[in-house]
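Notes follow the structure.
As the structure lists them, so they are numbered: ligands from 1, and atoms in each ligand from 1. Any value given below was found using the heavy atoms of this structure, including those in side chains, with hydrogens, waters and symmetry copies removed.
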Amino acid sequence: MRVPKERLVRKIVRVSGVVQGVGFRPFVALLASRYRLCGWVRNTSGTVEIEIEGSPEYVDTFVDSLLSEAPPLAQITSVSSLDADPIGYSHFEIRESTAEEGGRCVIPADIAVCEECLQEIADPKNRRFHYAFTNCTNCGPRYTIVRRVPYDRANTTMASFAMCTDCAAEYHSSHDRRFHAEPIACPQCGPRVWLENEGEIVESEPLRRAGELLFQGRIVAIKGLGGFHLACDARSDGVVRMLRSRKGRSAKPFAIMVRDIKEAERICELTPQARELLLSRQRPIVLARKKPSPGISEQVAPSNKNLGVMLPYTPLHVLLLEYSPAALVMTSGNLSEEPLVFTNSLAREKLAGLADAFLMHDRDIHIPCDDSVVRADYSEEPVLIRRARGYVPEAIQLPFESPEILAVGAEQKNTFCLAWEQQAVVSQHIGDLDTAETLDYFKYAVDHFLALFGRRPAIVAHDLHPAYMSSQYAKAMQVDTRVGVQHHHAHVAACLAENGCTDRCIGIALDGTGYGTEGTVWGGELLLADLKDFERVGRFAVVRMPGGEASIRDPCRMALAYLQSAYQDKCWDIANSLGIKFSELETRVIKRQLETGLNSPLTSSAGRLFDAVSAALGVCRERTYEGQPAAELEAAVDETEGGSYAGRLYYAEGLLNLDFTPIFRCAVEEFLSGTSVQTVAARFHNSLVDLLARACEDIRNRTRISTIALSGGVFQNAIITIKLSERLRASGFDVLMHRVLPPNDACISFGQAIVAASRHIIKG
Ligand code: ZN
Ligand code: ZN
Ligand code: FE
């Protein structure tokens with residue numbers, strides 16, 4: 001039943017957002033056939049382009065359905081349609097993609113294996129039975145295998161695998177759920193797995209063999225989706241200890257991968273949000289409360305109430321866990337402080353001393369991507385701790401139109417960010433830029449991003465700290481404009497922009513250390529800030545950092561700085577009764593540093609206060625990883641305790657000072673008189689919340705501003721975050737928290753981009 005020519009209408013439709021690699025073109029073809037419409041669809045660099053022709057009613061319904069019935073993984077940001085003269089197309093087709101200058105490009109994130117694919121690999125009659133690279137339009141690798149745009153097989157690392165006739169038939173059939181699934185593969189034509197064990201290459205049942213090795217207490221390097229993991233039996237103290245000693249990682253918690261949600265539930269208390277996250281298409285590592293004696297080695301996450309758990313997210317992991325212990329330690333395959341290893345050759349070279357065997361495959365990873373980490377042990381909104389696989393490169397919508405900007409981020413937990421038009425894309429977790437390897441990875445990832453999204457930004461935003469490697473990179477870039485952004489302003493601006501807030505607000509930025517504007521080290525800051533500018537209105541009262549960097553590595557030095565502030569000359573006696581000891585030489589040096597300030601800057605850092613309390617109470621006196629003293633102090637808290645100590649607020653140098661010395665003194669005295677660590681740790685947390693809330697009330701009284709943004713690594717602490725936000729809301733504040741980015745320095749690049757954009761906004 002053909003529509004008469006005079007009744008035909010034709011429309012040219014453009015759909016933007018995450019519309020490539022999510023089954024959008026097959027969906028369009030299906031819609032067209034439902035409404036008996038002709039024309040074509042194709043991917044361009046950033047959008048899906050459609051020409052559609054038929055009767056006017058159906059053409060309109062078709063356009064409406066694009067939005068209302070879009071595939072589950074699509075995220076449409078806009079649909080535009082233009083009328084055009086009818087041509088008289090005879091059928092509907094999917095056309096070859098075109099790359100287009102200047103278009104938007106949105107590559108989808110990697111997606112965990114879907115239910116239908118899982119059923120196929122479990123079905124002995126299916127041709128993909130037990131096939132480790134099974135995927136479809138709704139699941140599988142994306143970001144990590146894309147070399148360039150548009151997102152087509154030829155532009156991915158699957159290009160080297162020629163489709164067999166069966167796969168090709170599925171790929172080209174609009175009725176198949178693998179229609180245009182770019183990484184489509186099967187045992188005939190796709191990637192393969194093998195095991196390398198003591199010089200022997202095992203090609204027959206490598207997954208079963210790897211499982212046996214894991215049962216035998218071996219450490220196996222496993223190539224996954226975004227890089228290598230080091231895996232071992234999470235139930236065995238012996239092998240987890242061995243992994244710790246080989247990796248040179250004495251206490252930092254490991255994540256585990258468990259066979260299924262039942263096993264996760266057996267091991268951890270799962271809040272509804274934790275369950276949902278574990279099963280989500282992003283499949284992050286979820287931090288959840290350990291249950292008593294679940295049979296997991298205490299060595300996995302020592303001195304920690306939580307356990308990082310994830311479910312298998314590729315068929316390879318699903319199959320491996322059928323043959324292996326039901327809970328495996330799965331830690332990033334890297335040398336301490338170096339980036340994730342992601343090529344077979346680098347794995348053999350770098351991981352040789354760490355792993356006993358290698359489970360390899362031949363699907364190349366083009367860009368590595370670590371597992372994401374989300375904290376969900378409380379009923380509040382989950383907090384992202386590390387944003388990478390599954391989330392990157394999803395765009396964040398901006399509350400304004402931005403010029404093209406590259407923001408290079410901070411030094412620790414580095415990410416970088418690219419902003420253009422009305423969106424920003426934040427990179428995956430890169431790491432700490434203090435090794436040459438991580439810096440190389442940073443540069444590789446920046447180049448990849450710029451090419452992938454076809455951007456040549458004329459503006460680069462960076463931290464004010466001149467010694468950050470990211471700042472130096474920005475300095476060396478050939479650009480028109482450089483914008484230095486204060487670290488804590490970037491924190492607050494990121495939080496505001498994520499929440500779509502463009503107003504001036506009170507920003508609380510609490511973290512370890514950040515470069516201030518007047519020579520002191522910042523980190524406990526109260527700002528009046530909007531997206532463009534800020535004014536510092538309050539801070540944690542300053543103490544010395546004896547020995548500068550040395551006091552970051554050694555929390556006992558910070559304990560001494562606070563002891564001196566509380567007890568002056570008597571501080572050494574009190575330190576002694578607390579059991580804090582320094583060598584004779586160190587004692588002499590620190591004494592001098594505290595007296596003269598030599599190499600001992602003043603700091604308002606919140607992180608250093610946590611270090612001091614943690615060390616004073618004997619919770620953590622030896623820091624082996626960043627954030628350890630604070631994390632262990634939080635873990636020590638008795639959550640039923642409601643008491644607190646009184647801090648002091650005073651004005652000096654035009655700033656509201658939050659003086660924690662009286663709080664520190666009370667904590668020490670209660671502890672010395674026999675009150676339990678759990679109680680004192682709780683009271684310290686409560687006191688900090690109380691003093692911050694009082695400070696905010698004071699600022700509100702003077703400014704009439706009642707919106708508060710919370711940012712900084714301290715807000716990884718659930719007790720502080722929950723109690724402070726509850727307290728502030730109860731006293732009438734509007735509280736904004738990070739939703740899409742971590743509160744730690746991973747959000748800095750986005751904040752820098754926001755501030756730079758606000759200062760260079762495109763007119764009109
Ligand atoms: Zn699937
Ligand atoms: Zn095939
Ligand atoms: Fe920070």
Side-chain angles (χ1 to χ4, degrees), residues 21-23 26 71-73 110-122 126-128 131-142 153 158 161-172 176-179 181-192 281 313-315 318 409-415 432 463-465 468 470 485-495 507-516 521-525 527 552 603-608 626-627 630 710-716 738 741-752:
V22 292
L73 299 175
D110 301 293
I111 307 155
V113 58
C114 75
E115 261 322 302
E116 284 162 302
C117 286
L118 278 179
Q119 280 169 19
E120 287 186 2
I121 62 170
N126 191 286
R127 71 189 190 92
R128 289 190 176 85
Y131 183 55
F133 303 93
T134 304
N135 67 81
C136 72
T137 334
N138 292 321
C139 78
R142 299 284 189 275
R153 186 182 181 92
M158 284 299 293
F161 299 93
M163 276 185 241
C164 68
T165 43
D166 288 344
C167 285
E170 291 169 338
Y171 183 88
H172 289 114
D176 197 280
R177 65 187 193 83
R178 293 200 167 84
F179 184 43
E182 306 302 342
I184 189 174
C186 79
Q188 302 318 309
C189 66
R192 283 160 204 286
R281 66 189 169 88
Y313 50 87
T314 71
V318 171
E411 180 86 342
Q412 308 289 306
K413 298 186 169 66
N414 176 275
T415 64
D432 300 345
D463 198 279
L464 287 180
H465 202 310
Y468 278 7
S470 53
V485 180
Q486 200 282 326
H487 187 93
H488 302 95
H489 183 210
H491 268 301
V492 173
C495 181
I508 304 183
L510 307 181
D511 64 4
T513 46
Y515 195 76
V521 177
W522 292 19
E525 309 307 315
L527 313 178
I552 299 176
T603 185
S604 51
S605 162
R608 299 290 83 78
E626 193 267 325
L710 307 180
S711 189
V714 168
F715 292 104
Q716 294 173 139
H738 288 279
L741 295 175
N744 60 41
D745 281 4
C747 77
I748 290 295
S749 61
F750 178 64
Q752 291 169 347

Within-2.8 Å protein N/O/S contacts of the Fe ion (ligand 3): His487 NE2, His491 NE2, Asp511 OD2, Asp745 OD1
Gln752 side-chain N/O to Gly409 backbone N/O, donor-acceptor pair under 3.5 Å: yes
Gln486 side chain vs His488 backbone, donor-acceptor pair below 3.5 Å: yes
Whether Arg153 side chain and Ile184 backbone form a donor-acceptor pair below 3.5 Å: yes
Polar side-chain atom of Asp110 near backbone of Arg142 as donor-acceptor pair, under 3.5 Å: yes
Exercise: identify the closest heavy-atom pair between Leu710 and Cys495: O-SG, 3.6 Å
Backbone N/O of Arg177 and side chain of Thr137: donor-acceptor pair under 3.5 Å: yes
Short N-O contact, Lys413 and Glu626, less than 4.0 angstrom: yes
Aromatic ring pairing His465/Tyr468, orientation class (parallel under 30°, perpendicular over 60°, tilted between): parallel
Those residues that, when tested against Gln119, pass side chain to side chain contact (heavy atoms under 4.5 Å, CB included) (two or more places apart): Glu115
Electrostatic pair Arg178-Glu116, nearest N-O below 4.0 angstrom: no
Candidate pair Ser604 and Glu525, rule side chain to side chain donor-acceptor pair (under 3.5 Å), full reasoning: CA-CA 7 Å; Ser604 51; Glu525 309 307 315; 2.6 Å; yes
Check: Asn135 side chain, Pro183 main-chain N or O, donor-acceptor pair, under 3.5 Å: yes
Sub-2.8 Å protein N, O or S atoms surrounding the Zn ion (ligand 1): Cys114 SG, Cys117 SG, Cys136 SG, Cys139 SG
Residue-atom pairs from the protein, N, O or S only, that lie under 2.8 Å from the Zn ion (ligand 2): Cys164 SG, Cys167 SG, Cys186 SG, Cys189 SG
Verdict with supporting geometry, Phe715 and Leu510, side chain to side chain contact (heavy atoms under 4.5 Å, CB included): CA-CA 7 Å; Phe715 292 104; Leu510 307 181; 3.8 Å; yes
